[in-house]
Amino acid sequence: MSTQMLIYLFVGASFALYIGIALWTRAGSTSEFYVAGGGVHPVVNGMATAADWMSAASFLSMAGLIAFMGYDGSVYLMGWTGGYVVLALLLAPYLRKFGQFTVPDFIGTRYYSKVARTVAVVCLIFVSFTYIAGQMRGVGIVFSRFLEVPVDLGVIIGMGIVFVYAVLGGMKGVTYTQVAQYCVLIFAYLVPAIFISLLVTGNPVPQLGLGSQVADGSGMYVLQKLDASLVDMGFSAYTASTRSTIDVFCITAALMVGTAGLPHVIVRFFTVPKVSDARRSAGWALVFIALLYTTAPAVSAFARLNFNETINQTQYTDAPGWFGNWENNDLIAWRDKDGDGAMDVAPGDAFEGAPAYTEERGEHGERMLSNAPAEGANEVYVDRDIMVLANPEIANLPGWVIALVAAGGLAAALSTAAGLLLVISSAVSHDLLKRTFRPGITEKGELLAARLAATAAIVVAGLLGIYPPGWVAQVVAFAFGLAASSLFPAIFLGIFTKRMNREGAIAGMVSGLAFTFFYIAWFKLWNPAANVPENWLLGISAEGIGVIGMLINFAVALLVSRVTAAPPAEIGELVERIRTPRGAAAPVEH
Amino acid sequence: MTHRDDSATKSYWRANLQLLAILMSIWFAVSFGAGILLRDFLDRFMIGGYPLGFWFAQQGSIYVFIVLIFYYSWAMHRLERRYALDDDDESEATGEGASQ
């Protein structure tokens, strides 16, 4: 069977599975729609959380990013896993004990204020949409690369699938679909990684392979050899840092705290039966996530090593087959600046801007470009995403592995998109409608509103995927920075201090949010030319500034709460109640 | 809502905070400490082909994170049993209100 047929088969079968599960487990009440009735086993919830968390970016892009960033890529590895410690130890058990449906629910009740609830809803919707636009785009790209349909049609198909299982199934359907999606995506990630590790080092465990010797008889370790080859080509060493220590520190911290403050992750811990389950479930989630996150850096290093060895200074006509395949998919380009027919890899851009291919072929058969050549000796353009996508071909794996990677990439993107759609729809139907504007709405009416809100959110997300505003890639920093600087401190202070009041929490959220928003917007949107380390506050980039926003939030909140009235007595009782694990009944309307 | 013995709840909470302080210090030490601030120093040592600081940044810290979460879950369960605040018998009607 041809690879193309296998891809159709694998992707089609996985989609049928997801929809089947969704129909099987469709939600009948708001409690099932929002939190799966609060009866999900902690290990199952851990797996669903892992699928929810690992997006198209984790699956497709992260290994490629690390391959080109080296040590600096550690910020993603530590940031996106360390956040689970913060979540499991400081937030999840208490939020589960509080026992309602959404993050704004907690903030609105704890701070006895509709304003606080609305600020939380605004943060949540902004964070979630920033995130979801990237997912729908990821779905479209996987479709167009593997199924040979246009990106836009790919997005629409993806929207249709998510519609069926998120709108019908609600949280209950999504939870069990995500379990299936986790299995697909982790299998698809590990199989090529194991083979590549065997190929490069002879060790089948990628985590050990990265610390082993290269199996070419040279006796050099993988990282040693990679450092040597990069330095030789004029790059800085793989294990060396190119960012300042304070920036690496702040980016890691912002990603960690931001992860703990992301609403679609937090809400997963509302679905387990008990407080002790919430703690354990976070541990399982991290086990399932770590399986991919400890494999990724090995994939990165192997891929970069392989790339250096097979591409640099190789004649274009002798290039391995995958080079031409991905060149035809617009992900690789070569511009023979010195006219020697060899592909020279060096620091810097090969040409100005993104590749603009012409219809013509050059004298060696390469695709011609209309871009102006850039200064410097580098002749090769590589899209970072290729590192995971091309792995099976680099390792000469059979067609079914390529088909598996396609299904895995789609599973990663769809599971995250569905989780995000649910928090958006519950924020609208529950927090805005039921709690703020139409308290008299019936259970049935609210469930209908939740489904309508999910539908509307899918349409908006799809439009963002089809017509991606140029700024989408630029503002991913927003999602984490804003979650870290607005939601996290409000939740944390709500649990660990009884004295924190409405005025303090609102002032804190607004000031943390405003500071972070304007700092990121200034350097990413309004004045990108100024985005150099010399201009940064304390040398902290937009990616890491959420930490400063968080500190501002804490400082303002504590200060304002000191000089304003203490919260009412029943809030003290509420805090006492969430601090003791007993009596976390299934979430009910009150 | 349970108004059990106030001093028991207080010492339970204090013990929890103490445990959190220890575990969050370890969390900080392996990631921000070993993986970032002390990396240059630790990179002088190797485990296998990994410079030690680099290993903490890309592998070791993640393993420690997992251990921290499961340890916290286990230690809290033990603590809650000691103070009879655990949720083991959650489905039964006894727990809540028994000591009111």
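So that the names make sense, note that chain A is the first sequence line, chain B the second, and so on, each numbered from 1. We use all heavy atoms of the structure for the numbers below, so side chains are in, but hydrogens, waters and symmetry mates are not.
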*Asks:* Would you call Lys97(A) and Glu80(B) a salt bridge, using N to O less than 4.0 angstrom?
*Replies:* no
*Asks:* If you measure from OH on Tyr221(A) to CE on Met46(B), what distance do you get to the nearest 0.5 Å?
*Replies:* 6.5 Å
*Asks:* Go through Asn16(B) and Arg579(A) one step at a time and tell me if the side-chain contact (heavy atoms from CB on, under 4.5 Å) criterion holds.
*Replies:* CA-CA 10 Å; Asn16(B) 177 28; Arg579(A) 284 178 180 183; over 6 Å; no
*Asks:* Tell me if the centroids of the rings in Phe496(A) and Trp13(B) come within less than 6.0 Å of each other.
*Replies:* yes
*Asks:* Looking at Met220(A), Arg280(A), Met78(A), which makes the most heavy-atom pairs under 4.5 Å with chain B?
*Replies:* Met78(A)
*Asks:* Mind ranking Thr252(A), Ile289(A), Leu208(A) by heavy-atom pairs under 4.5 Å with chain B and telling me who comes out on top?
*Replies:* Thr252(A)
*Asks:* Take the angle between the ring planes of Phe28(B) and Phe249(A) and call it parallel below 30°, perpendicular above 60°, tilted in between.
*Replies:* perpendicular
*Asks:* Looking at CD1 of Ile66(B) and CZ of Phe288(A), how far apart are the two atoms once the value is rounded to the nearest 0.5 Å?
*Replies:* 10.5 Å
*Asks:* Which residue is it: Val86(A), Val287(A), Val85(A)? I am looking for the one with a side chain to side chain contact (heavy atoms under 4.5 Å, CB included) to Phe65(B).
*Replies:* Val85(A)
*Asks:* Non-hydrogen atoms of chain B under 4.5 Å away: do they reach the side chain of Tyr76(A), the backbone, both or neither?
*Replies:* neither
*Asks:* For the interface with chain B, which of Gly82(A), Gly79(A), Ala282(A) has the highest count of heavy-atom pairs at distances below 4.5 Å?
*Replies:* Gly82(A)
*Asks:* How long is the gap from CZ on Arg279(A) to CZ on Phe70(B), to the nearest 0.5 Å?
*Replies:* 13.5 Å
*Asks:* For Ala88(A) versus Ile69(B), what's the shortest heavy-atom pair and its separation?
*Replies:* CB-CG2, 3.7 Å
*Asks:* Within a radius of less than 6.0 Å around CD of Glu570(A), do more than 12 heavy atoms belonging to other residues, nucleotides or ligands occur?
*Replies:* yes
*Asks:* Evaluate the side-chain contact (heavy atoms from CB on, under 4.5 Å) criterion for residues Val248(A) and Phe32(B): first the C-alpha distance (whole Å), next the side-chain angles of each, then the deciding distance (0.1 Å), finally the verdict.
*Replies:* CA-CA 9 Å; Val248(A) 171; Phe32(B) 296 99; over 6 Å; no
*Asks:* Considering only heavy atoms, which portion of Ala253(A) lies under 4.5 Å from any heavy atom of chain B: side chain, backbone, both, or neither?
*Replies:* both
*Asks:* Measure distances from Ile66(A) to the heavy atoms of chain B and classify the residue's part below 4.5 Å as side chain, backbone, both or neither.
*Replies:* side chain
*Asks:* Taking the six-membered ring for Trp, are Tyr238(A) and Phe54(B) parallel (under 30°), tilted (30 to 60°) or perpendicular (over 60°)?
*Replies:* tilted
*Asks:* What's the spacing between Leu68(B) CG and Leu286(A) CG if we round to 0.5 Å?
*Replies:* 9.5 Å
*Asks:* At what distance, to the nearest 0.5 angstrom, does OG1 of Thr245(A) lie from CG of Leu38(B)?
*Replies:* 10.5 Å
*Asks:* Measure Met256(A) against the heavy atoms of chain B and call it side chain, backbone, both or neither at under 4.5 Å.
*Replies:* side chain
*Asks:* Measuring from atom CD1 of Ile62(B) to atom OG1 of Thr81(A), what distance do you get when rounded to the nearest 0.5 angstrom?
*Replies:* 4.0 Å
*Asks:* Before giving the answer on side-chain contact (heavy atoms from CB on, under 4.5 Å), spell out for Val275(A) and Met76(B) the whole-Å C-alpha distance, their side-chain angles and the decisive distance to 0.1 Å.
*Replies:* CA-CA 11 Å; Val275(A) 173; Met76(B) 282 306 277; over 6 Å; no
